[in-house]
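Taking it in order: structure first as structure tokens, then the write-up.
Note: hydrogens, waters and symmetry copies are ignored here, and every other heavy atom, side chains too, is used.
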Amino acid sequence: MCVRIKNFAERAIARHEVREIEQRHTVDGPRQDVTLDEEDDVVIIYNRVPKTASTSFTNIAYDLCAKNKYHVLHINTTKNNPVMSLQDQVRFVKNVTSWKEMKPGFYHGHISYLDFAKFGVKKKPIYINVIRDPIERLVSYYYFLRFGDDYRPGLRRRKQGDKKTFDECVAAGGSDCAPEKLWLQIPFFCGHSSECWNVGSRWALEQAKYNLINEYFLVGVTEELEDFIMLLEAALPRFFRGATELYRTGKKSHLRKTTEKKLPTKETIAKLQQSEIWKMENEFYEFALEQFQFVRAHAVREKDGELYILAQNFFYEKIYPKSN
């Protein structure tokens with residue numbers, strides 16, 4: 001069964017714990033533990049960065065969950081705060097690892113990276129993510145706050161009524177387009193440490209790079225989203241079988257488009273690129289892009305302008321002792 005859960009994580013956890021207690025006290029006797037095959041004992045966490053085509057990608061997961069038999073759960077934090085309290089971190093880790101009825105599970109939400117190992121978890125979830133050119137992401141978010149998108153056009157946005165263009169905002173030194181607003185992708189990958197959210201922290205940048213390489217299964221880029229989906233389908237078919245074709249042909253492949261967005265001028269871009277914050281965020285983006293392209297180069301081949309996933313390229317031999 002495919003499940004859409006978009007309530008607060010804490011409410012979902014509370015309902016789950018109450019249900020467990022009730023089941024343990026039914027006349028049918030103690031609750032029997034759910035036994036999972038190794039293939040089903042899997043959780044993916046997509047801690048999505050805002051305005052990186054995350055809705056478009058998440059809709060692929062929703063469209064496939066019934067067919068591929070897994071669950072999709074939205075982590076909806078209060079006021080979209082990407083940093084969880086310590087007690088919520090404990091609840092979330094416990095929930096994700098022990099909620100067997102929701103496995104295999106695909107969790108997604110605007111939360112920063114959380115290291116499950118520090119909570120004593122033996123089997124950690126699989127982290128994936130997508131990032132975007134930092135200035136393009138900020139421009140998209142700026143107009144999104146004012147005009148929304150074609151996904152929910154009737155919804156009133158926080159800055160609705162402000163007609164100032166991004167160029168005008170930068171020229172006037174506005175807070176919504178300040179270089180500090182670029183600081184988002186680094187802390188999302190860095191995690192829940194205080195230094196991660198210290199704007200311009202070199203330590204946070206290096207920690208984000210470390211986590212990207214060591215803690216994330218795959219990180220794609222918005223500009224090459226189809227290739228990201230193709231690699232996920234090849235590597236994790238339990239979840240993403242059929243995703244590439246669905247993205248290419250489905251109506252939801254580019255579902256969410258920010259309205260009234262105007263591209264910034266070269267002067268505006270040059271001004272933002274003078275800031276140290278842009279240089280760090282761009283360094284992280286280029287680092288992620290290089291890693292993604294490296295993974296792709298070793299996973300696909302090109303023929304007639306099309307990319308094809310490589311077949312298995314290893315085998316076993318000289319197996320001893322010989323069987324009788």
Side-chain angles (χ1 to χ4, degrees), residues 1-17 19-20 23 31-48 53-77 84 88-111 113-117 119-130 211 214-220 225 228-247 250 252 295 299 309 312:
M1 181 178 66
C2 174
V3 178
R4 284 177 179 253
I5 297 180
K6 293 193 176 183
N7 295 340
F8 296 120
E10 186 173 351
R11 293 178 183 174
I13 296 167
R15 285 198 298 271
H16 172 54
E17 291 175 342
R19 187 168 64 250
E20 281 193 321
Q23 288 176 332
R31 176 178 177 269
Q32 299 296 317
D33 287 337
V34 177
T35 302
L36 295 172
D37 294 334
E38 184 176 356
E39 187 182 45
D40 290 339
D41 189 16
V42 179
V43 169
I44 292 177
I45 295 182
Y46 172 34
N47 64 315
R48 42 196 283 203
S54 62
T55 298
S56 298
F57 174 63
T58 301
N59 277 321
I60 296 290
Y62 275 117
D63 288 345
L64 290 173
C65 62
K67 179 181 178 181
N68 290 346
K69 295 182 172 55
Y70 62 87
H71 303 278
V72 182
L73 302 92
H74 179 213
I75 311 155
N76 191 339
T77 58
M84 289 183 172
D88 273 349
Q89 292 178 42
V90 173
R91 294 182 185 119
F92 179 63
V93 170
K94 178 183 176 183
N95 183 229
V96 168
T97 54
S98 65
W99 200 353
K100 294 182 179 179
E101 294 83 355
M102 289 296 111
K103 291 182 179 179
F106 180 97
Y107 290 74
H108 67 97
H110 297 311
I111 57 171
Y113 169 76
L114 184 62
D115 182 9
F116 277 55
F119 298 91
V121 173
K122 294 181 179 178
K123 186 171 184 178
K124 297 195 293 184
I126 297 172
Y127 269 94
I128 62 173
N129 216 325
V130 177
N211 287 343
N214 295 283
E215 304 296 343
Y216 281 79
F217 180 77
L218 184 65
V219 176
L225 189 61
F228 171 71
I229 293 171
M230 181 189 298
L231 291 176
L232 283 177
E233 180 174 359
L236 298 173
R238 177 66 182 81
F239 287 83
F240 297 105
R241 184 178 291 108
T244 308
E245 185 65 19
L246 181 61
Y247 179 80
K252 295 182 179 180
V295 172
I309 292 292
Q312 181 170 314

Shortest non-hydrogen separation from [X] to [Y] and the atoms involved:
| X | Y | value |
| --- | --- | --- |
| K124 | E215 | NZ-OE1, 2.8 Å |
| V72 | A61 | CG2-O, 3.8 Å |
| E233 | G242 | OE2-N, 2.9 Å |

To the nearest 0.5 Å, how far apart are [atom1] in [X] and [atom2] in [Y]?
| X | Y | atom1 | atom2 | answer |
| --- | --- | --- | --- | --- |
| K100 | M102 | NZ | CE | 14.0 Å |
| I60 | C65 | CD1 | SG | 12.0 Å |
| D63 | T58 | CG | OG1 | 11.0 Å |
| I45 | L73 | CD1 | CG | 10.5 Å |

Does [X] reach the main-chain N or O of [Y] with its side chain, forming a donor-acceptor pair under 3.5 Å?
| X | Y | answer |
| --- | --- | --- |
| R238 | N68 | yes |
| K103 | S98 | no |
| N129 | Y46 | no |
| N59 | T55 | yes |
| Q89 | M84 | yes |

If you count every heavy atom of other residues, nucleotides or ligands that lies below 6.0 Å from E38 atom CD, does the total exceed 12?
no

Over 12 foreign heavy atoms within 6.0 Å of NZ, K123
yes

When L218 is tested against each of I126, L236, V295 for side-chain contact (heavy atoms from CB on, under 4.5 Å), which residue passes?
V295

Among side-chain atoms of Y62 and H108, is any donor-acceptor pair under 3.5 angstrom?
yes

Under the side chain to side chain donor-acceptor pair (under 3.5 Å) test, which residues partner D115, sequence neighbours left out?
none

Using 30° and 60° as the class boundaries, would you call the ring planes of Y127 and F116 parallel, tilted or perpendicular?
perpendicular

Checking F239 now: which residues fulfil ring-ring contact (aromatic ring centres under 6.0 Å, His included) with it, not counting sequence neighbours?
Y70

